[in-house]
Participant: 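My questions will all concern the structure given below.
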Amino acid sequence: MRLVLYTGKGGVGKTTTAAATALRAAECGSRTLLVSADAAHSLSDVLARNIGPEVARVAPGLDAIEVDARVEIARHWGHVHDFLVSLFRHQGIEGVVAEELALIPGAEEIATLIAVDEFARSGEYDFAVVDCAPTDTTLRLLTLPDVAHGSVRLLLKLQRALARVVTPIARGLSDAPLPDSEVFREAEALVYEKLAGLRERIAAKQTSVRLVVTSERMVIDEARRAFTDLCLFGLHCDAVVVNRLLPEAAARESFFGDWAKLQEERFGEIERAFAPLATLRAELGEEEIIGCARLGEHAAKTFGATPPDAVLCEPPTIRFSKRNGRGVVEVPLPGATLDALDIAKIDDSLVIKTANAARSLALPHTLASHDVAEARLGEGVLSVYFDARPVGG
Ligand SMILES: Nc1ncnc2c1ncn2[C@@H]1O[C@H](COP(=O)(O)OP(=O)(O)OP(=O)(O)O)[C@@H](O)[C@H]1O
Ligand SMILES: [Mg+2]
């Protein structure tokens with residue numbers, strides 16, 4: 001199943017663009033699902049009809065849902081959650097506070113993604129469009145399966161080891177609640193099946209992130225940082241949607257003339273800054289774009305002959321190679337500058353840090369025993385060179 005996630009700064013038009021894309025795809029014949037992953041759901045407002053946590057048909061070939069993350073959490077790891085709540089209660093933490101504490105950080109985001117993944121596996125849809133929360137949260141959402149997988153797995157190992165020794169003794173001695181096998185089974189399923197599955201889904205070529213921007217400087221800058229960070233995590237972006245561009249008729253009016261000129265300059269800047277992504281133009285409507293009829297018109301103008309569910313730009317990928325006898329890791333990092341990056345080799349991994357995010361890349365066996373020699377950045381690709389000789393060799 002093709003999956004497209006829309007993100008961007010608050011208020012730029014993510015929900016509108018996501019809904020318009022989904023509607024257009026359904027009109028073009030794709031069985032489409034529109035999903036809200038933003039805790040502040042607003043599909044109901046944009047579609048001008050009530051959308052809830054159950055799938056609802058909104059147009060021929062188009063279903064929509066606002067995922068209720070709490071319900072999903074209860075469904076997937078209710079036992080783990082209940083155990084944590086009982087443990088906190090035992091320690092004297094009461095009611096709502098215990099409930100809140102028991103929410104594993106990022107659990108709501110993960111639960112939402114798991115719901116999307118289940119729809120993808122169901123075979124009922126060709127295309128899912130996800131309306132995400134503003135940039136920072138989306139980044140967290142998409143990088144979580146990667147981060148959580150490692151840390152939860154470690155935790156699980158420790159717990160298992162501990163339980164084998166401590167549980168039989170403690171059962172006899174303490175009245176503190178202890179995790180039973182169901183808790184472990186659920187936690188393991190989370191790590192080995194669900195998180196692993198999500199990592200695959202998110203990194204798949206069939207999954208793309210689209211950035212929605214307007215022509216304001218702050219909006220563009222935030223999207224550029226997001227683009228770099230998404231690339232760092234190997235997530236594929238395929239397009240930028242430039243929203244609220246003045247239509248030609250308005251640009252001819254003297255009052256808007258300068259504004260329209262500035263917008264065109266910025267549009268050129270956006271095309272260059274986000275190359276090789278596709279750039280789509282979305283016009284400012286005469287009024288708010290609410291309801292299927294207006295969304296359909298807006299989508300037709302924005303996409304024209306472009307299929308809304310196509311992969312609009314082939315994603316670059318991380319490459320390991322050899323040059324002049326030295327190992328090289330090439331990481332596509334458009335928009336990054338070398339002095340804003342921290343690069344270090346820690347154990348068998350290469351750690352790359354930007355201002356907002358850090359990723360640990362497992363190195364192939366042949367490079368793991370070599371130190372980093374130098375890093376270069378050119379044409380949006382970070383090349384990290386390794387010493388020709390292994391450490392101590
Ligand atoms: N091209 C446009 N022309 C006219 N109105 C627009 C356009 N794009 C968005 N809007 C309006 O701007 C408002 C905000 O849009 P929308 O809800 O899609 O933004 P958002 O990025 O999803 O916001 P949030 O960050 O709050 O989720 C809505 O009232 C919407 O109808
Ligand atoms: Mg929104």
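First listed ligand is number 1; within each ligand, the first listed atom is number 1. This structure is a prediction, so every number in the text was calculated from the model and none was measured. Throughout, numbering of the chain's residues begins at 1 and tracks the sequence.
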Participant: From the Mg ion (ligand 2) out to just under 2.8 Å, does an N/O/S atom of S42 turn up?
Facilitator: no

Participant: Do R294 and E287 sit within salt-bridge range, that is, some charged N less than 4.0 Å from a carboxylate O?
Facilitator: yes

Participant: Please check if atom CZ in R224 has more than 12 non-hydrogen atoms from other residues, nucleotides or ligands closer than 6.0 Å.
Facilitator: no

Participant: Just by distance, no angles: are the side chains of N243 and T214 close enough, under 3.5 Å, to form a donor-acceptor pair?
Facilitator: no

Participant: Compute the shortest N/O to N/O distance between D131 and ligand 1 and return yes if it is under 3.5 Å, no if not.
Facilitator: no

Participant: Can a salt bridge be assigned to the pair E118 and R75 using a cut-off of 4.0 Å between side-chain N and carboxylate O?
Facilitator: yes

Participant: Taking N or O atoms only and a 3.5 Å limit, does G10 qualify as a polar contact for ligand 1?
Facilitator: no

Participant: Under a 4.0 angstrom heavy-atom cut-off, which atoms of ligand 1 come close to L284?
Facilitator: 1 (N), 3 (N), 4 (C)

Participant: Ligand 1 and E283, any nitrogen or oxygen pair closer than 3.5 angstrom?
Facilitator: yes

Participant: What is the closest protein heavy atom to atom 26 (O) of ligand 1, and at what distance does it sit?
Facilitator: G11 N, 4.0 Å

Participant: Is any NZ, NE, NH1 or NH2 atom of the basic residue among R2 and D238 found under 4.0 Å from an Asp or Glu carboxylate oxygen of the other?
Facilitator: yes

Participant: Which residue and non-hydrogen atom of the protein lie closest to atom 20 (P) of ligand 1, and at what distance in Å?
Facilitator: K14 N, 3.4 Å

Participant: Indicate whether any N or O donor in one side chain lies under 3.5 Å from an N or O acceptor in the other, for Y125 and T32.
Facilitator: no

Participant: Side-chain donor-acceptor pair under 3.5 Å between S208 and H236, yes or no?
Facilitator: no

Participant: Could you check whether atom CZ of R49 has more than 12 heavy atoms from other residues, nucleotides or ligands sitting under 6.0 Å from it?
Facilitator: yes

Participant: So which protein heavy atom does atom 22 (O) of ligand 1 come closest to, and at what separation?
Facilitator: T15 OG1, 2.7 Å

Participant: Any N or O on G13 sitting closer than 3.5 Å to an N or O of ligand 1?
Facilitator: yes

Participant: Taking both backbone and side-chain atoms of V12, is any N or O found less than 3.5 Å from an N or O belonging to ligand 1?
Facilitator: yes

Participant: Return the residue, atom name and 0.1 Å-rounded distance of the protein heavy atom closest to atom 14 (C) of ligand 1.
Facilitator: R244 NH2, 3.8 Å

Participant: Could you tell me, atom by atom, which parts of ligand 1 come under 4.0 Å of a heavy atom of T16?
Facilitator: 9 (C), 15 (O), 16 (P), 18 (O), 30 (C)

Participant: For atom 28 (C) of ligand 1, which protein heavy atom lies nearest, and how many Å away is it?
Facilitator: E288 OE2, 3.8 Å

Participant: Taking salt bridge (charged side-chain N to carboxylate O under 4.0 Å, His left out) as the criterion, tell me which of R319, K322, R376 meets it with E330.
Facilitator: R319

Participant: How close does the nearest protein non-hydrogen atom get to atom 4 (C) of ligand 1, and which residue and atom is it?
Facilitator: G285 N, 3.4 Å

Participant: Could you tell me which atoms of ligand 1, counted from 1 in the order shown, lie closer than 4.0 angstrom to a heavy atom of H298?
Facilitator: 1 (N)

Participant: Is the shortest distance from a heavy atom of S42 to ligand 1 less than 4.0 Å?
Facilitator: no

Participant: Is there at least one pair of N or O atoms, one from I290 and one from ligand 1, spaced under 3.5 Å apart?
Facilitator: no

Participant: If you count the atoms of ligand 1 from 1 in the order shown, which ones are under 4.0 Å from a heavy atom of D38?
Facilitator: 27 (O)

Participant: Can you list the ligand 1 atoms lying under 4.0 Å from a non-hydrogen atom of N243?
Facilitator: 1 (N), 2 (C), 7 (C), 8 (N), 9 (C)

Participant: Please compare I289, T214, V212 and report which has the shortest non-hydrogen distance to atom 7 (C) of ligand 1.
Facilitator: I289

Participant: CD of E200: more than 12 outside heavy atoms within 6.0 angstrom?
Facilitator: no

Participant: Taking T16's backbone N and O only, do any of them form a donor-acceptor pair with H298's side chain (distance below 3.5 Å, no angle check)?
Facilitator: no

Participant: Check whether any side-chain heavy atom of F274 lies under 4.5 Å from a side-chain heavy atom of L211, and answer yes or no.
Facilitator: yes

